[in-house]
Amino acid sequence: MMKKLSALLLMLSMAVLPMVGQVSRLSQLTFPILGGELSNSAATSAADIDEVLPRMRALGLNTVLVPAYWELMEPKEGLFDFTLIDRTIDVARREHLHIVFLWFGVWKNSMSCYAPAWFKKDTKRFPRALTAEGKPMEIASCFSDNVLQADLKAFSALMQHIKERDPQREVVIMMQIENEIGMLESARDHSPLAEKAYQQEKWAERYGTDEYADEKFMALSYARYVEHLAKAARQIHDMPLYVNAAMNSRGRRPGEYPSAGPLAHLIDFWNEGAPSIDLLAPDIYDTGFKSWASQYAMPQRPQDGGKVKNRLFIPESRCCENSGVRALYSFGEHRALGFSPFAIDQASQQETASVTEAYALLRQVFNLQSFSKLKTWGLLFDQEDKERVVDDEGVVMTCRHFFTLPWDPRATDGSTWPEGGAMLIRLGKFDYLLAGSGVVVDFKTQLEKQQEQQKQLGEDGFVEAGNASGQSSKAGRRFSGKRLGLLSVDEVEVEAEGKLSYLRRHNGDQSHQGRHARISVGDWKLLHIQLYEYGDR
């Protein structure tokens, strides 16, 4: 269907909407996003959309992140074809899926590769960014009003059409503006328009002239550009909006990664330039998942007072066998808005299986009564980062990777450990749920933990000969205080109304005779753990 952009739409797109609070906009999302992002070319035909969305539903997703391609939507300037957008919405509605559209507009992974041919070829009207040496790049300059107006018209037309097709936001729940904005080859744009803005800002006087000062200048400039699109979206069809960032990893310098995007070290510039954006979202592919996530997580959790600065939403993460436990960690530790492995449509069954398993556990956990008020922690372990100690009001939980136990031969066969992870949930005093895979947890009082001595365990799980720590005459001190024991460990399910449904008891060998609760690598379980105290007061 071809539509002529009306003058009225343009007027609406340029209007300024009074700002709405971030929390109120995000509250429109009444469920956590158990998502997956399609590969870049997975929705370029109706046949592809018909095939891929039912498959995503079968994997256990509730939300699919789908590109909206400017080059296919506006092949001729001013004439719009929304066939792919309509097909996506219709199939998603039929499959009971939600959609987050990704606006592949002027920039996708820094480059202007998804701009229409008429835009690309007219470099005089739509100028490119330049390096300091004057080399033109395949990056449209954000300082060009012609670039902005073309992008703004197309994005406004898209928002208007989505409003007409899905007025109650039953299917399309959020929008990503552009994709991994940033400069490559150069830390900033040196085109004439950029140089003029740089001088007018007196940037060198404020921040110096090094590459990081250049990156800050570009960050503020990109953010101001995005703010125009965000305001237009608010005026036309108000919904949560976000921008995503490629990480500045591996020791690279500005210009070697997509510089000036919504990176954690540039958050103040993005907040200043684009106040209408609700979220700055990390795309996490490199090692150090927990560190990257924490830089974007200003969480809304009971133990943090419910204060929100930037809610964690991970729109892209490497789709791999570790994706499932990373999702559990993100929701447990940071109360993430959502998690989404990238190119999940192209991943192998071995890679997507963990996502399906983790999302099935998360669906149950989210059914818990008053879940939003419960205290939670996220656990994520690998071969180097094997342990975390959590102290919950005197209940000291030592959480470890499952392969720290001595009897699993996979721990020492020379292969890289798969990550283990879980969400740990406090239901009440001495009452916990553990949802995950590849973890082991033991429980002690603070006094017991303080007096604990490490023991080297043999393959049978008992102390190696000559390494016992119970000879009080040699130690010269007696144990005092109470201990915590496992009253019960039950594998359960959470029913739709939030009640726990018993499956089986884990005792004896399955709890190492009452020493811990554990879920082995490759298993995905929900354990209900109840404790009790014993010993001297």
Side-chain angles (χ1 to χ4, degrees), residues 1-17 40 44 67-85 101-130 136-163 175-184 189 191-194 196-197 218 221-237 241 243 258 260-261 273-274 276-277:
M1 178 175 61
M2 308 295 286
K3 291 188 174 182
K4 189 74 173 178
L5 183 66
S6 68
L8 175 62
L9 176 57
L10 178 58
M11 291 173 62
L12 284 173
S13 71
M14 296 299 293
V16 176
L17 182 72
N40 291 166
T44 57
Y69 314 99
W70 186 13
E71 64 176 346
L72 299 182
M73 197 186 81
E74 193 182 5
K76 293 184 179 181
E77 187 174 4
L79 296 175
F80 292 88
D81 184 346
F82 296 109
T83 300
L84 298 179
I85 300 299
F101 276 120
L102 319 175
W103 175 233
F104 283 11
V106 166
W107 301 294
K108 194 275 177 188
N109 293 47
S110 299
M111 314 308 285
S112 298
C113 54
Y114 278 95
W118 54 265
F119 179 102
K120 290 179 179 178
K121 291 190 286 187
D122 194 348
T123 56
K124 183 176 181 180
R125 185 177 165 202
F126 306 112
R128 303 293 185 263
L130 303 180
M137 295 178 282
E138 189 68 8
I139 301 174
S141 176
C142 69
F143 300 95
S144 167
D145 188 62
N146 286 340
V147 169
L148 170 62
Q149 293 307 319
D151 196 2
L152 181 61
K153 290 176 185 178
F155 185 66
S156 298
L158 174 62
M159 293 301 299
Q160 180 66 31
H161 188 79
I162 291 172
K163 178 181 180 180
M175 296 292 295
Q176 175 185 293
I177 299 181
E178 311 296 344
N179 187 86
E180 293 187 357
I181 291 171
M183 291 290 295
L184 285 171
D189 182 2
S191 67
L193 289 172
K196 181 180 178 180
M218 285 303 301
S221 301
Y222 275 131
R224 288 170 174 170
Y225 180 106
V226 166
E227 178 67 6
H228 287 281
L229 275 67
K231 283 183 178 179
R234 296 266 173 260
Q235 180 69 21
I236 297 166
H237 192 38
L241 305 169
V243 285
S276 296
I277 290 295

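What you see below is based on every heavy atom in this structure, not just the backbone, and it leaves out hydrogens, waters and symmetry mates. In this chain, numbering begins with 1 at the start of the sequence shown. A quick note: this is a predicted structure, and the numbers were derived from the prediction, not measured.
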Do Leu184 and Pro258 come close enough that some side-chain heavy atom pair is under 4.5 Å? yes
Residues in side-chain contact (heavy atoms from CB on, under 4.5 Å) contact with Leu148, at least two apart in sequence or another chain: Asp145, Tyr225, His228, Leu229
Please collect all side chain to side chain donor-acceptor pair (under 3.5 Å) contacts where either partner lies in residues 113-126, sequence neighbours excluded, each pair once. Glu77-Arg125
Considering residues at least two apart in sequence or located in another chain, which fulfil the ring-ring contact (aromatic ring centres under 6.0 Å, His included) criterion with Phe119? Trp70, Phe126
Run the side chain to side chain donor-acceptor pair (under 3.5 Å) test against Asn109 and tell me which residues pass, sequence neighbours left out. Asn179, Glu180
For Leu193, which residues count as a side-chain contact (heavy atoms from CB on, under 4.5 Å) partner, sequence neighbours excluded? Pro127, Phe143, Ser144, Ser191
Using 0.5 Å steps for rounding, measure from the CE atom of Met159 to the CG atom of Leu152. 12.0 Å
From Leu241 atom CG to Gln176 atom CD, the distance as rounded to the nearest 0.5 Å: 11.0 Å
Please confirm whether the backbone N or O of Trp107 pairs with a side-chain atom of Glu178, one donor and one acceptor, at under 3.5 Å? yes
Considering residues at least two apart in sequence or located in another chain, which fulfil the side-chain contact (heavy atoms from CB on, under 4.5 Å) criterion with Ala129? Met137, Ile139, Met183, Asp189
Heavy-atom closest contact (Pro136 atom, Leu130 atom, distance): CA-CD2, 3.5 Å
pair Ser141-Val147: side-chain heavy atoms closer than 4.5 Å: no
Return the NE2 to NE2 distance between His237 and His161, rounded to the nearest 0.5 Å. 11.5 Å
Please tell me if the side chains of Trp103 and Met73 come closer than 4.5 Å, counting only heavy atoms from C-beta onward. yes
Go through it in stages, so that I can follow the logic: the residues are Gln235 and Ser156, the test is side-chain contact (heavy atoms from CB on, under 4.5 Å), and I'd like the CA-CA distance, side-chain angles, deciding distance and then a yes or no. CA-CA 9 Å; Gln235 180 69 21; Ser156 298; over 6 Å; no
Distance from Met175 atom CE to Leu102 atom CG, nearest 0.5 Å? 8.0 Å
List in chain and number order the residues that pass side chain to side chain donor-acceptor pair (under 3.5 Å) with Lys163, two or more places apart in sequence or in another chain; answer none if no residue qualifies. none
Quick one: does Glu74's side chain have a donor or acceptor within less than 3.5 Å of a partner on Gly78's backbone? yes
Return the set of residues passing side chain to side chain donor-acceptor pair (under 3.5 Å) with Tyr222 (not counting sequence neighbours), or none when no residue passes. none
List the residues meeting salt bridge (charged side-chain N to carboxylate O under 4.0 Å, His left out) with Arg224, not counting sequence neighbours, and say none if there are none. Glu201
If you define the side chain from C-beta out and look only at heavy atoms, does anything of Ser112 sit under 4.5 Å from Arg128? no
Set of ring-ring contact (aromatic ring centres under 6.0 Å, His included) partners for Phe101, sequence neighbours left out: none
First locate atom CG of Leu84, then atom CG of Leu72, and finally report the distance between them rounded to the nearest 0.5 Å. 6.0 Å
Quick one: OG on Ser276 to CD1 on Ile177, what's the gap to the nearest 0.5 Å? 8.5 Å
State, to 0.1 Å, how close Ala154 and Phe80 come at their nearest heavy-atom pair, and which atoms those are. CA-CE2, 3.7 Å
